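Numbers restart at 1 for each chain; the letters A, B, ... are given by sequence-line order, proteins then strands. Note that the structure is predicted; figures quoted are calculated from it, not measured.
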Amino acid sequence: MSARPRRGDDQRRQRILAVVDSIPRGRVATYGQVAIEAGLARRARLVGTILGHLPPRSPLPWHRVVNAAGTISLRPGAGASLQRRRLEREGVRFTAKGRIDLARYRWRPDV
DNA sequence: CGGTTGACTGTTT
DNA sequence: TAAACAGCCAACC
């Protein structure tokens with residue numbers, strides 16, 4: 001009876017991915033925001049960990065997730081430029097310091 | 001099985 | 001505005 005993967009873990013993962021998948025084009029959400037929407041408050045890091053394990057060709061809009069400071073968390077060389085390119089192509093603008101104005105682009109899901 | 005690491009964040013300096 | 005800190009916890013070694 002051991003080693004059966006825990007259903008709970010996989011469910012949490014799926015819920016996080018579902019939230020990411022629902023972020024509209026041209027808007028962004030923070031890791032913490034995704035965690036809350038998925039019912040996992042304060043698990044921002046888990047969101048990052050899971051996104052980091054996505055397969056390279058994932059159809060998910062993972063690029064619409066940024067950190068609370070409005071900057072890209074990926075390290076240079078790990079896809080950071082790809083994320084920025086994708087966002088800019090959707091109309092999301094970056095400041096000279098590489099920051100996104102969250103007050104303007106943050107996704108606000110309808111309650 | 002314990003220690004380290006990291007696509008994080010809110011608070012305090 | 002920026003840096004330091006503490007809390008967080010799954011994945012890795």
Under 3.5 Å between N/O atoms: give me all the protein pairs with nucleotides 10-13 of chain B, atom names plus distance.
none

Practice prompt. Please state how far atom CD1 in Ile50(A) lies from atom C1' in dC8(C), giving the value in whole angstrom units.
Written response: 14 Å
Worksheet item: side-chain contact (heavy atoms from CB on, under 4.5 Å) with Val28(A): which of Val65(A), Asp101(A), Leu87(A)?
Response: Leu87(A)
Practice prompt. Only pairs at least two apart or in different chains count here, so list each salt bridge (Lys or Arg N to Asp or Glu O under 4.0 Å) that has a residue in residues 62-77 of chain A.
Written response: Arg64(A)-Glu90(A)
Worksheet item: In whole Å, what is the span from the CD1 atom of Ile16(A) to the P atom of dC8(C)?
Response: 17 Å
Discussion item. Rounded to whole Å, please give me the gap between CG in Asp10(A) and C1' in dA10(C).
Written reply: 14 Å
Worksheet item: Near DNA chain B, which residues from residues 32-39 of chain A have a heavy atom under 4.0 Å away?
Response: Gly32(A)
Item to complete: Carefully, step by step, assess Leu82(A) and Leu74(A) under the rule side-chain contact (heavy atoms from CB on, under 4.5 Å).
Response: CA-CA 10 Å; Leu82(A) 171 63; Leu74(A) 263 67; over 6 Å; no
Fill in: Which atom of Val92(A) lies closest to which atom of Gly26(A), heavy atoms considered
CG2-O, 3.6 Å
Response to the item:
What residues 41-49 of chain A contributes to the DNA chain C interface at heavy-atom separation below 4.0 Å is Arg43(A), Arg45(A), Leu46(A), Thr49(A)
Worksheet entry | Verdict with supporting geometry, Gln14(A) and Leu17(A), side-chain contact (heavy atoms from CB on, under 4.5 Å) | CA-CA 5 Å; Gln14(A) 293 306 332; Leu17(A) 298 183; 4.2 Å; yes
Worksheet item: Looking at DNA chain B, which of residues 53-62 of chain A put a heavy atom within less than 4.0 Å of it?
Response: Trp62(A)
Fill in: Nearest-Å distance for atom pair OH/C1', residues Tyr31(A) and dC9(C)
16 Å
Worksheet item: What closest approach, in Å, do Ala29(A) and Trp107(A) show between heavy atoms, and which atom pair accounts for it?
Response: CB-CE3, 4.1 Å
Worksheet entry | Nearest atoms (heavy-atom pairs only) where Ala35(A) meets Ala44(A) | CB-N, 4.0 Å
Response to the item:
In this structure, CD1 of Ile36(A) is separated from OG1 of Thr30(A) (nearest 0.5 Å) by 7.0 Å
Worksheet, complete the sentence: residues 77-87 of chain A vs salt bridge (Lys or Arg N to Asp or Glu O under 4.0 Å), sequence neighbours excluded, gives Arg84(A)-Glu88(A)
Worksheet entry | Rounded distance in Å - CG (Leu51(A)) to P (dA10(C)) | 16 Å
Discussion item. Just to verify, what does Arg15(A) make a side chain to side chain contact (heavy atoms under 4.5 Å, CB included) with, not counting sequence neighbours?
Written reply: Ala38(A)
Practice prompt. Sequence neighbours left out, what pairs pass salt bridge (Lys or Arg N to Asp or Glu O under 4.0 Å) with at least one residue falling in residues 18-39 of chain A?
Written response: none
Item to complete: Apply side chain to side chain contact (heavy atoms under 4.5 Å, CB included) to Arg99(A) and list each qualifying residue two or more places apart in sequence or on a separate chain.
Response: Thr71(A), Thr95(A)
Item to complete: Could you tell me which non-hydrogen atom of Asn67(A) sits nearest to which non-hydrogen atom of Tyr31(A), and how far apart they are?
Response: N-CE1, 3.5 Å
Worksheet item: Which residue pairs pass the salt bridge (Lys or Arg N to Asp or Glu O under 4.0 Å) test with at least one member in residues 39-50 of chain A, sequence neighbours excluded?
Response: none
Fill in: Those residues of residues 70-99 of chain A lying under 4.0 Å from DNA chain B by at least one heavy atom
Ser73(A), Leu74(A), Arg75(A)
Practice prompt. Taking side chain to side chain contact (heavy atoms under 4.5 Å, CB included) as the test, write out the residues that go with Ala68(A), two or more places apart.
Written response: none
